[in-house]
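Notes follow the structure.
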Amino acid sequence: MRIDKLLANMGYGTRKEVKQLLKSGNVRVNNQVEKSPKIHIDPNEAEVSVHGEIVEYREYIYLMLNKPGDVISATEDPQDLTVIDILQPEDAVFSPFPVGRLDKDTEGLLLITNDGQLAHRLTTPKKDIGKTYYAHIDGEVTSADVELFKEGVTLDDGYVTKPSVLEIVKAGGRSEIKLTITEGKFHQVKRMFEASGKEVIFLKRLSIGELQLDPTLELGEYRELREEEINYLKDITNLTP
Ligand code: URA
């Protein structure tokens, strides 16, 4: 990889700024001053330092965001703030993107990465990865709904959902529920309740497989996934870590 690309990828500025940095003599490769932006290095082999500090090279970034209900799951948008807009510049420099989509008003666990292969495998319908949501429902959710959701719900377009697990957390006219689905059809949770004559008025994703939203993350906060969490995701998508 060209050294100017590596340094730009790691957040040391634009390619032009990095060229200046190299010219200034503040970049060393294996302890030798390197001034050319054109040299190719193996980032896993060479030791690169800037102003005496070693550059920890890595290709991928994996983030867990507690998505707030006023940003959209996209990389850019002409009107709305996106989940990428709220990242720190040192994370945004990796050009990450959201793994799948949550509706604008949905809160909770959203993965953000630049690992296209993992993202693809996590979102492909072929993998039966359970996603658990917590919701407030305008209407009374009953054991009949639990049965219906277990069997499969016919959505407005005729699609019959795969079996899902509905748990009533709080019964009554404003029920609170947890729902685990293994698919990701457009507005799926909202449409499943619509099909049983009820409306979702608050929706939050709690987990993807066994990966839970970190309860210490406030809305809009995020953290990097831990190694074991990344390995878990690779494991359930059959990618060797
Ligand atoms: N189902 C929905 O209806 N909305 C979401 O954001 C996620 C699942």
Side-chain angles (χ1 to χ4, degrees), residues 63-77 79-86 96-113 118-141 145-146 148-170 174-214 217-222 233 236-237:
L63 306 171
M64 163 192 291
L65 168 72
N66 185 0
K67 180 191 168 300
D70 57 0
V71 295
I72 61 166
S73 305
T75 49
E76 47 190 297
D77 190 84
Q79 276 146 29
D80 287 308
L81 206 58
T82 73
V83 291
I84 303 302
D85 293 332
I86 63 175
F97 50 86
V99 178
R101 276 168 183 273
L102 290 177
D103 296 338
K104 184 176 173 186
D105 60 357
T106 301
E107 296 181 1
L109 177 59
L110 185 70
L111 298 176
I112 297 176
T113 184
L118 181 67
H120 176 72
R121 292 197 179 195
L122 281 169
T123 47
T124 175
K126 280 184 229 138
K127 306 261 178 239
D128 273 358
I129 299 169
K131 293 170 196 94
T132 300
Y133 294 85
Y134 165 78
H136 292 182
I137 309 296
D138 189 9
E140 174 146 29
V141 180
D145 295 311
V146 174
L148 180 69
F149 280 36
K150 194 154 72 177
E151 296 298 314
V153 181
T154 307
L155 301 182
D156 46 9
D157 58 0
Y159 177 78
V160 181
T161 59
K162 286 190 187 164
S164 59
V165 180
L166 175 60
E167 181 195 336
I168 301 169
V169 177
K170 189 165 163 259
R174 280 264 161 119
S175 298
E176 292 174 29
I177 61 95
K178 276 187 192 171
L179 176 65
T180 302
I181 56 176
T182 56
E183 314 168 273
K185 300 277 171 219
F186 187 59
H187 298 324
Q188 180 157 343
V189 177
K190 292 174 184 164
R191 287 165 69 212
M192 286 173 79
F193 280 97
E194 250 166 52
S196 68
K198 299 169 190 76
E199 194 191 345
V200 173
I201 48 177
F202 172 76
L203 188 59
K204 175 174 183 160
R205 184 156 65 191
L206 303 176
S207 57
I208 297 173
E210 283 167 24
L211 180 70
Q212 312 262 354
L213 175 66
D214 186 331
L217 292 175
E218 300 286 340
L219 282 176
E221 287 185 345
Y222 67 94
L233 293 176
I236 58 169
T237 52

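Atoms within a ligand are numbered from 1 in the order they appear, just like the ligands themselves.
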Look at atom [atom1] of [X] and say whether more than 12 heavy atoms of other residues, nucleotides or ligands are closer to it than 6.0 Å.
{"X": "Lys162", "atom1": "NZ", "answer": "yes"}
{"X": "Lys190", "atom1": "NZ", "answer": "yes"}
{"X": "Glu210", "atom1": "CD", "answer": "no"}

(request) List, ordered by chain and residue number, the protein residues whose closest non-hydrogen atom lies under 4.0 Å from any atom of ligand 1. (result) Leu102, Asp103, Thr106, Tyr133, His187, Gln188, Val189, Lys190, Leu203
(request) First locate atom CG of Leu122, then atom CD1 of Ile236, and finally report the distance between them rounded to the nearest 0.5 Å. (result)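 It comes to 6.0 Å.
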(message) For a quick test of reading the model, state the closest non-hydrogen atom pair linking Pro98 to Ile84 and the distance between them.
(response)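 Reported closest heavy-atom pair: CD-CD1, 4.2 Å.
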(message) Once you measure the plane-to-plane angle for His136 and Phe202, does it fall in the parallel (<30°), tilted (30-60°) or perpendicular (>60°) bin?
(response) tilted
